[in-house]
Amino acid sequence: MITPMIAANWKMNLTVDEGVSLINALKPLISDVEDVEVVVAPSFVSLSEIRKALEGTDIRLAAQNVHWELKGAYTGEISPLMLKDIGCDYVIIGHSERRHIFNENDESINKKLLASLKQGIKPILCVGETLDQRKRGETIKVIERQMIMDLEGVFPSQMNNIVIAYEPVWAIGTGETATPEQAEEVHNFIKEFLIDSFGLDETRGTRVLYGGSVKPENIKGLMAQPHIDGALVGGASLVSESFASIVRFQIT
Ligand code: PGA
């Protein structure tokens with residue numbers, strides 16, 4: 001059995017103090033939850049303080065982006081070595097906001113993914129189609145192309161250290177969630193793709209999360225799908241009670 005993952009993507013929200021308060025409020029609300037891996041991705045400037053706030057818990061720390069070089073003249077960038085040093089276990093790579101607002105392409109996403117793996121940081125690779133692509137019936141083609149390019153050069157033995165997040169762009173921050181069936185169709189494709197490309201045994205532990213307007217009200221229906229292994233949560237992760245009730249999907 002794969003351990004589900006519920007990951008919070010705070011995006012460009014919360015000051016250091018606000019983030020620490022949120023973690024302190026969250027901890028008692030989920031202290032009795034077992035068998036769910038909880039991950040929090042604050043902004044870069046909060047990583048250090050959030051790591052301290054997470055001490056004594058099983059909650060894992062993630063960054064929201066990374067550069068592919070270890071050091072050098074890359075003003076404004078953060079290297080995988082720095083993320084490792086500060087205590088990150090995971091890093092979100094290829095989020096649609098990075099692809100669409102900051103023009104990240106599959107080539108740079110692939111470089112970031114390989115560099116993170118090399119430093120022992122587990123990538124949470126985001127893939128997803130836009131509304132236009134879905135309307136044109138290109139969803140599966142788009143996801144396949146992203147997976148082929150973003151995972152190029154990954155060894156099958158590394159697949160256990162990769163998390164995939166399927167995030168339909170039209171469902172992010174819009175309040176509009178993919179139905180469990182719409183999500184399941186893509187998740188099923190992603191799992192088949194992984195098995196075909198990397199082998200059944202090698203990808204048994206590769207979690208495929210759903211992201212896009214996940215809320216306490218829809219998490220159960222999504223998690224009931226056989227190929228959805230967790231969620232990447234944006235807006236609803238900014239309030240301790242709503243994030244906690246998503247984490248508690250198996251209990252309440
Ligand atoms: P949302 O964001 O939950 O606010 O839709 C999800 C994400 O972008 O990861």
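In each ligand, atom 1 is the first atom listed, and ligand 1 is the first ligand listed. These figures come from a predicted structure and were not determined experimentally.
In terms of protein heavy atoms, atom 2 (O) of ligand 1 is closest to Lys11 NZ, 3.2 Å. Of all protein heavy atoms, the one lying nearest to atom 6 (C) of ligand 1 is Gly234 N, 3.5 Å. Closest to atom 9 (O) of ligand 1 among all protein heavy atoms lies Glu167 OE2, 2.7 Å.
Interface atoms of ligand 1 facing Gly212, defined by a heavy-atom separation under 4.0 Å, are 5 (O). Close contacts between ligand 1 and Asn9 involve ligand atoms 9 (O) [criterion: under 4.0 Å to a heavy atom]. Less than 4.0 angstrom separates some heavy atom of Ala171 from each of these atoms of ligand 1: 5 (O). Near Gly235, the atoms of ligand 1 lying under 4.0 angstrom from a non-hydrogen atom of the residue are 1 (P), 3 (O), 4 (O). Numbered from 1 in the order shown, with element, the atoms of ligand 1 that lie under 4.0 Å from a heavy atom of Gly173 read 1 (P), 4 (O), 5 (O).
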Between Ser108 and Asn105, does a side chain to side chain donor-acceptor pair (under 3.5 Å) hold up when you go through it step by step?
CA-CA 6 Å; Ser108 62; Asn105 59 28; 3.2 Å; yes

Go through it in stages, so that I can follow the logic: the residues are Leu151 and Ile162, the test is side chain to side chain contact (heavy atoms under 4.5 Å, CB included), and I'd like the CA-CA distance, side-chain angles, deciding distance and then a yes or no.
CA-CA 10 Å; Leu151 295 173; Ile162 296 181; 4.0 Å; yes

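With a 4.0 Å heavy-atom cut-off, ligand 1 is reached by the backbone of Ile172 and by its side chain too.
Side-chain atoms of Glu129 and Trp170 include a donor-acceptor pair closer than 3.5 Å. Asp35 and Thr3 share no side-chain donor-acceptor pair at under 3.5 Å.
Here the rule is salt bridge (charged side-chain N to carboxylate O under 4.0 Å, His left out) with Glu104, and of Lys112, Lys111, Arg99 only Lys112 fits it.
Distances from ligand 1 to the non-hydrogen atoms of Ser96 include no value under 4.0 Å. Judged by the shortest distance from any of its heavy atoms, Gly211 lies outside the 4.0 Å radius around the atoms of ligand 1. At a 4.0 Å cut-off, at least one heavy atom of His95 sits close enough to ligand 1 to count as contact.
Within 6.0 Å of the CD atom in Glu107, the count of heavy atoms belonging to other residues, nucleotides or ligands does not exceed 12. Environment of CG in Asp201: crowded, with over 12 heavy atoms of neighbouring residues, nucleotides or ligands closer than 6.0 Å. Atom CD of Glu181 has more than 12 neighbouring heavy atoms from other residues, nucleotides or ligands inside a 6.0 Å radius.
In terms of N/O distances under 3.5 Å, ligand 1 is approached by Ser213.
The aromatic rings of Tyr166 and His187 sit perpendicular to each other, their planes meeting at more than 60°, with 30° as the lower class boundary.
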